[in-house]
Amino acid sequence: MRLPQPKRVTVKEWVTAPVPGVVGLDFETFYTSAYSVSQMGNWAYVHDRRFNAWAVSVSDGERTCVCPPAEFPWGMIAGREWVSHNREFDEAVFLRLGDLGVIPRDARPVRWFCSAALCAFLQLPRDLAGAAKAVFGVDLDKTIRAGMKGRDLSADLPGMIQEETDYAACDAEMALALWNTLSGHWPAHERRLYEQTVAMGRRGLVVDWDYVDANLKELNATVEAVSAALPWKPALSITKFEAACADIGTPPPKSTAANDPDFQDWVRDNMRSDAVIWARHMQRMRSANRTAKVLESMKARRKADGRMVFELKYYGATPGRWSGGGGLNMQNYNRKPAEGVDLRRCIVAPPGCLLAVVDYAQIESRVLLFLAGDTDTLDMFRLNPDADAYEIHARATMGWRPEVSVQGSGFSGEETLRQYCERTGSGLRQLAKARVLGLGFGCGARRFIEVAKVMAGLEISFEESDRIVREFRESNPKIVALWEHLNDACASCDGGDYVLPLPCTQVNSDLGRFLIYRDVAAGENGIECTVAGDRIKVYGGLLAENWTQGTARDVLASAWLRCDASGFRPVLSVHDELVFEVPEASAEEDLRRIVGIFEEPVAWAPGLPLLAEGKLCAVYGK
DNA sequence: GTGTAGGGCGCG
DNA sequence: AAAGCGCGCCCTACAC
């Protein structure tokens, strides 16, 4: 790929000629390890006292100008299309500089694109240097980048040394080059999703700050007290814990994680040892500390209007899901209280509103059956729209039939599997759950012992596990065939790229969504390929999992866009769930409509049975 | 001092 | 034949 070599010009030279096409733009700002975007998020970073944007570089592909933001002739590029790598950051800087009066507020772009989001969509490395290497084969000079940290170079400009101007210029030029080369492959509806993601986080969530403040104080006291009860420092040091175990003659556990089966066995074997008390203290401290850190992180993102900004990363995961980012992950808030603190309870509805929380039921299980073409099982879903996925699995593949008839239950007045298990004390439903969640993507017998234990609380032997795994594969031939088909299709791309279109991609269209496995090397030891810049091993079950997760993501994305088109803008998105703020007066009706939108059949997935569940609440998670 | 890797813990 | 997968953040240890 040929890379343009723009000429470096001064402000005086820049203003002598008009600007063609899209403009690449990149701000350079002061940062340290403690004061950084990755830790604080864009909003808190640009509102900090230390905020200092000491340069902006602007490139039109023919010329590049680097100068202090206040000196740049913004009128020359106002009303044009701009592109930045991580636009949310540059936009946050731009808006803040406008508020501070450093640059004119009215010199805005007509559109502002993000080349990083574009690269993520194409499953290229998201970082600029990685993308530059992958697309153009060039190495951006990292030594210059490293040398800038902690330096305020505003005094040096415009007499800044050549290397540093080169670096600043390089980012703007590269963002533009990536955009001009790749933007044609980014569909319009995906761009809308990106824009809505950014807008959602910037709008933020309403928080019960009294609850946050009160609990933060208590949690910090707990952390302090538990830390003092441990006879070493740092209190969470596993090395020191193991040394202390040796001192009292107790063998250390393989893991000190609360939910690790090895740890639980160790507790059982060492009940009377002080080491068990220490380990429990460490677990309690980790839990309290995590919760405290989340609360602190929330406080740092409090806007003047009382809402809390957050960031979700569009296409943060390779199958296309959103991920957390910017120092606070809104997608992994505890579902249950920890140390008496309910993190979800911090998020509340604004006055006069309720939160409408809507999510898809067992979306991935349903999508897997759809992708495998298991129409018989899908028919069971369609004929019993409210049925439990684990019951359908038990009926379809485990030979389960109800013993008695109960009026009003799922399958035409029969007893449900849940009712059956409650009545008889059977663990069949737990086993069905473990099979559905654990075995659909290639998990083997050894691993399934753990999966069954953690997911369903089942203690099984290797022989039992092996029997279950083989039985599952025999009774789900279409799923196994899917693994094999994907494995073969990928292996056949040896020496090239394996491009797997998601169902939302129209036949023969190159403007869709794809899972891309680059530089496939298939051999005796399996398949290796590059995903988002990393070399990984892949196999049929993994490909089936990625395809399933990606398709389920597209189902939610589709619902998101349809909700938006109907005037329902979510305030939060968590994989298979959207959260809305709805006026109390219309809450019931709005919820009903949103659930209806979720359950609308998707045009590109005919026969995929969708079930959505919705609830109204004053605080999140209740 | 900085960067990274691994354990741990939280979510879907 | 065998293999659950997808994330982010905090803390500690360790190499440079």
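Worth knowing before you read on, the calculation uses all heavy atoms, side chains too, and leaves out hydrogens, waters and symmetry mates. Lettering follows sequence order; numbering is per chain, from 1.
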**Student:** Could you state the NZ-C1' distance from A:K293 to B:dC9, rounded to the nearest angstrom?
**Tutor:**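 So the NZ-C1' distance, A:K293 to B:dC9, works out to 15 Å.
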
**Student:** Is A:L439 touching bases, backbone alone, or none of the nucleic acid, heavy atoms closer than 4.0 Å?
**Tutor:**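 Touches nothing.
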
**Student:** Does a nitrogen or oxygen in the side chain of A:R290 sit under 4.0 Å from OP1 or OP2 of C:dC9?
**Tutor:** no

**Student:** Does some side-chain heavy atom of A:Y498 sit less than 4.5 Å from a side-chain heavy atom of A:R518?
**Tutor:** no

**Student:** Respond yes when some side-chain nitrogen or oxygen of A:S255 is under 4.0 Å from OP1 or OP2 of B:dG8, and no when none is.
**Tutor:** yes

**Student:** Testing the 3.5 Å rule here: is there a donor-acceptor pair between the side chains of A:R286 and A:Q283?
**Tutor:**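 No, no side-chain donor-acceptor pair sits under 3.5 Å.
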
**Student:** How many whole angstroms separate atom CG of A:D260 from atom P of B:dC9?
**Tutor:**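 Computing the A:D260:CG to B:dC9:P distance gives 8 Å.
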
**Student:** What is the distance, to the nearest angstrom, from the CD1 atom on A:I536 to the P atom on C:dA3?
**Tutor:**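 My rounded result for the distance is 18 Å.
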
**Student:** Applying a 4.0 Å non-hydrogen cut-off, can you work out what A:G526 is touching in the nucleic acid: base, sugar-phosphate, or nothing?
**Tutor:**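 Touches nothing.
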
**Student:** Given C:dG4, C:dC5, B:dC9, which nucleotide is nearest the side-chain atoms of A:V451?
**Tutor:**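 Of the options given, the side chain of A:V451 lies nearest C:dG4.
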
**Student:** Contact class for A:A552 vs. all strands (heavy atom < 4.0 Å): base, sugar-phosphate, or nothing?
**Tutor:** nothing

**Student:** From the options C:dT12, C:dC5, C:dC7, select the nucleotide whose nearest atom is closest to the side chain of A:L236.
**Tutor:** C:dT12

**Student:** With nearest nucleotide decided by heavy atoms, which residue, A:E364 or A:S38, maps closer to the 5′ end of DNA chain C?
**Tutor:** A:E364

**Student:** Confirm from the modelled atom types if A:R321 and B:dG12 form a donor-acceptor pair under 3.5 Å, side chain to base only.
**Tutor:**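 Donor-acceptor pair under 3.5 Å: yes.
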
**Student:** Answer whether the closest heavy-atom distance between the side chains of A:V499 and A:L515 falls below 4.5 Å.
**Tutor:** no

**Student:** Within this structure, what is the CZ-to-P distance between A:R301 and C:dC9, rounded to whole angstrom?
**Tutor:** 9 Å

**Student:** Side chain of A:H575: nearest nucleotide among C:dG6, B:dG8, C:dC11?
**Tutor:**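 The answer is C:dG6, which lies nearest to the side chain.
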
**Student:** Starting the side chain at C-beta, find the nucleotide from B:dG8, B:dG12, C:dC7 nearest to A:R286.
**Tutor:** B:dG8

**Student:** Would you say B:dC11 has OP1 or OP2 under 4.0 Å from some side-chain N or O of A:R344?
**Tutor:** no

**Student:** Can the ring centres of A:H393 and A:F472 be said to be less than 6.0 Å apart?
**Tutor:** yes

**Student:** I want to check one thing: is the phosphate of B:dG8, taken as OP1 and OP2, less than 4.0 Å away from some side-chain N or O of A:T256?
**Tutor:** yes

**Student:** Considering every strand and a 4.0 Å limit on heavy-atom distances, what is the contact class for A:G326: base, sugar-phosphate, or nothing?
**Tutor:** sugar-phosphate

**Student:** Classify the angle between the aromatic ring planes of A:Y194 and A:Y314 as parallel (below 30°), tilted (30 to 60°) or perpendicular (above 60°).
**Tutor:**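 If you compare the ring of A:Y194 with that of A:Y314, the planes turn out perpendicular.
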
**Student:** Can a donor-acceptor pair under 3.5 Å be found between the side-chain atoms of A:N332 and the base atoms of B:dG10?
**Tutor:** yes

**Student:** Can you tell me the distance, in whole Å, between the CE atom of A:M285 and the P atom of B:dG7?
**Tutor:**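 In whole Å, B:dG7 P lies 20 Å from A:M285 CE.
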
**Student:** Hey, which of these two, A:P319 or A:G325, hits DNA chain C nearer its 5' end, going by closest nucleotide?
**Tutor:**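 It is A:P319, whose closest nucleotide lies nearer the 5' terminus.
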
**Student:** Which part of the nucleic acid does A:G541 contact within heavy-atom distance under 4.0 Å: base, sugar-phosphate only, or nothing?
**Tutor:**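 No contact at all - A:G541 keeps every heavy atom at 4.0 Å or more from the nucleic acid.
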
**Student:** Would the distance check show the side chain of A:R344 and the main-chain N or O of A:Y620 forming a donor-acceptor pair, the cut-off being under 3.5 Å?
**Tutor:**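 Pair absent, no side-chain N/O of A:R344 close to backbone of A:Y620.
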
**Student:** Between C:dA13, C:dG4, C:dC7, which nucleotide gets closest to the side-chain atoms of A:T318?
**Tutor:**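 Within the option list, the nearest is C:dC7.
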
**Student:** Establish, with yes or no, whether the OP1 or OP2 oxygen of C:dG8 is under 4.0 angstrom from a side-chain nitrogen or oxygen of A:K313.
**Tutor:**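 It does, given that an N or O in the side chain of A:K313 lies less than 4.0 Å from OP1 or OP2 of C:dG8.
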
**Student:** Expressed as a whole number of angstroms, how long is the span from A:L543:CG to C:dG6:P?
**Tutor:** 10 Å

**Student:** To the nearest 10 degrees, what angle separates the axes at the start and end of the helix from B:dG1-C:dC16 to B:dG12-C:dC5, five pairs each?
**Tutor:**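 Here the helix ends are tilted 10° relative to one another.
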
**Student:** Taking only side-chain nitrogens and oxygens of A:S237, does any of them come within less than 4.0 Å of OP1 or OP2 of C:dA13?
**Tutor:**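 Looking at the OP1 and OP2 atoms of C:dA13, one of them is under 4.0 Å from a side-chain N or O of A:S237.
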
**Student:** Does the ring of A:Y315 carry A:R321 above it, NZ/CZ under 6.0 angstrom from centre and within 45° of its axis?
**Tutor:**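 Judged by the rule (NZ or CZ under 6.0 Å from the ring centre, within 45° of its axis), A:R321 is not positioned above A:Y315.
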
**Student:** So what does A:D359 touch, heavy atoms closer than 4.0 Å: a base, only the sugar-phosphate, or nothing?
**Tutor:**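 If one applies the 4.0 Å heavy-atom cut-off, A:D359 turns out to touch nothing in the nucleic acid.
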
**Student:** Can you tell which of C:dA3, B:dT2, C:dC11 lies closest to the side chain of A:S33?
**Tutor:** B:dT2

**Student:** What nucleic acid atoms does A:T548 come within less than 4.0 Å of, heavy atoms only: base, sugar-phosphate, or nothing?
**Tutor:** nothing

**Student:** From the set C:dG6, C:dA13, C:dG4, return the single nucleotide nearest to any side-chain atom of A:F441.
**Tutor:** C:dG4

**Student:** Between atom OH in A:Y315 and atom P in C:dC7, what is the gap in whole Å?
**Tutor:**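 Going from A:Y315 (OH) to C:dC7 (P), I get 11 Å.
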
**Student:** Touch check for A:Y333, heavy atoms < 4.0 angstrom, all strands: base, sugar-phosphate only, or nothing?
**Tutor:** sugar-phosphate

**Student:** Is the shortest distance from a Lys or Arg side-chain nitrogen in A:E296 or A:K299 to a carboxylate oxygen in the other one below 4.0 Å?
**Tutor:**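 Here A:E296 does not pair with A:K299 in a salt bridge, since their nearest N and O are not under 4.0 Å apart.
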
**Student:** Hey, can you tell me if A:W322 and A:W560 have their rings parallel, tilted or perpendicular (30° and 60° cut-offs)?
**Tutor:** tilted

**Student:** Between the side chains of A:D374 and A:T377, is a donor N or O closer than 3.5 angstrom to an acceptor N or O?
**Tutor:**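 The criterion, which ignores hydrogens and geometry beyond distance, is satisfied for A:T377 and A:D374.
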
**Student:** Please state how far atom OH in A:Y539 lies from atom P in C:dA3, giving the value in whole angstrom units.
**Tutor:** 9 Å

